[in-house]
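What follows is a short report on a single structure.
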Amino acid sequence: SSDVCSSDLGDQGTHAEPRRFPSARAPVAGQESPMKSVVQLQGRIIQTREIPMGASVGYSKTWRATQPSRIATVSVGYADGWLRSLSNCGVAHIAGIEVPMVGNVSMDTITLNVSHVDPHLLYPGALVDLICPDNTVDQVAKQAGTIGYEILTSLGPRYQRHYIDA
């Protein structure tokens, strides 16, 4: 079960009576967390390149373009805690547009197929949403074949953090 178990002293204060509380962070298998997403993770575009049909992207050439494509390189990688299991299966968002990750996650970068995104949005330094309301921690975890806790605890110290009062 994914419930959180807690104990509560009874009236006499002499025995523990287990009580079960549903967990919002780790909901029942197959259900999204009912909590509002409070985490946002962004990377920046370093460059974009036009590649021809048949060109491969990334180490080990695990993705090959089936048509001419525009690829954005983003400054996030496994050294930042972005899991390698997201290679060729993760997604990101640029100006609210979902874009697929293509190729392997490398040490310092990921690559995105941005062929259907307006080129004016793809300048060096443009922000890319990796975790956001449209791609929650739980959705990223599902893409990576893991749980949200692993996504959050993997994020390394190279990210700049901003804490906002609620």
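Position 1 is the first residue of the sequence, and the numbers go up from there. All figures in this text were calculated on a predicted structure; none of them were measured in a lab.
Side-chain polar atoms of D134 and Q139 form no donor-acceptor pair below 3.5 angstrom.
The local environment of NE2 in H120 is sparse, with at most 12 non-hydrogen atoms from other residues, nucleotides or ligands closer than 6.0 Å. Other residues, nucleotides and ligands contribute at most 12 non-hydrogen atoms within 6.0 Å of the CZ atom of R49.
Between V128 and A92, the closest heavy-atom pair is CG1-CB, 3.6 Å. For the residue pair R161 and L155, the shortest heavy atom distance occurs at NH2-O, 3.3 Å. Minimum heavy-atom separation, V99 to H93: CG2-N, 4.5 Å. Residues A79 and R158 come closest through the heavy atom pair CB-NH2, 3.6 Å.
Scored by the salt bridge (charged side-chain N to carboxylate O under 4.0 Å, His left out) test, E150 finds no partners at all (sequence neighbours excluded).
Rounded to the nearest 0.5 Å, atoms CD1 (I147) and CG (D138) are 9.5 Å apart. A distance of 11.5 Å separates OG1 in T48 from CG in L121, rounded to the nearest 0.5 Å. The OG atom of S85 sits 11.0 Å away from the CG atom of N104 when rounded to the nearest 0.5 Å. To the nearest 0.5 Å, the span separating CD1 on I97 from CG on L112 amounts to 12.5 Å. Atom-to-atom distance recorded for M101:CE and Q143:CD is 7.0 Å, nearest 0.5 angstrom. Atom CZ of R70 is separated from atom CG of L122 by 6.0 Å, given to the nearest 0.5 angstrom.
Taking the side chain as every heavy atom from C-beta outward, D108 and Y78 never approach each other to under 4.5 Å. Using a 4.5 Å heavy-atom threshold, the side chains of I151 and I131 count as touching. Counting heavy atoms from C-beta on, the side chains of S69 and E50 never come closer than 4.5 Å. Side-chain contact between R44 and Y123: absent, with no pair of heavy atoms (C-beta onward) separated by less than 4.5 Å. Contact of the V137 side chain with the L152 side chain is registered, since non-hydrogen atoms from C-beta on lie closer than 4.5 Å. Under the 4.5 Å side-chain criterion, counting only non-hydrogen atoms from C-beta, T73 is not in contact with I45. With contacts defined as side-chain heavy-atom distances shorter than 4.5 Å, the pair L83/S154 qualifies. At least one side-chain heavy atom of V140 sits less than 4.5 Å from a side-chain heavy atom of W82.
The backbone N or O of S115 lies less than 3.5 Å from a partner atom in the side chain of N113, making a donor-acceptor pair. A distance-only check finds a donor-acceptor pair linking the side chain of S87 to the backbone of R84 [under 3.5 Å]. Although no hydrogens or angles enter the test, the distance criterion places no donor-acceptor pair under 3.5 Å between the side chain of N135 and the main chain of C132.
Test D129, D118, V117, V74 against I94 for side-chain contact (heavy atoms from CB on, under 4.5 Å) and you get one pass: V117.
L86 is connected to Y159 through a chain of hydrophobic side-chain contacts under 4.5 Å among Ile, Leu, Val, Met, Phe, Trp and Tyr, so both are in one cluster. When the side chains of ILVMFWY residues are joined at heavy-atom separations under 4.5 Å, either directly or via intervening members, M107 and Y59 end up in two distinct hydrophobic clusters.
Under the 4.5 angstrom side-chain criterion for Ile, Leu, Val, Met, Phe, Trp and Tyr, the cluster partners of W63 are I51, V57, I71, V102.
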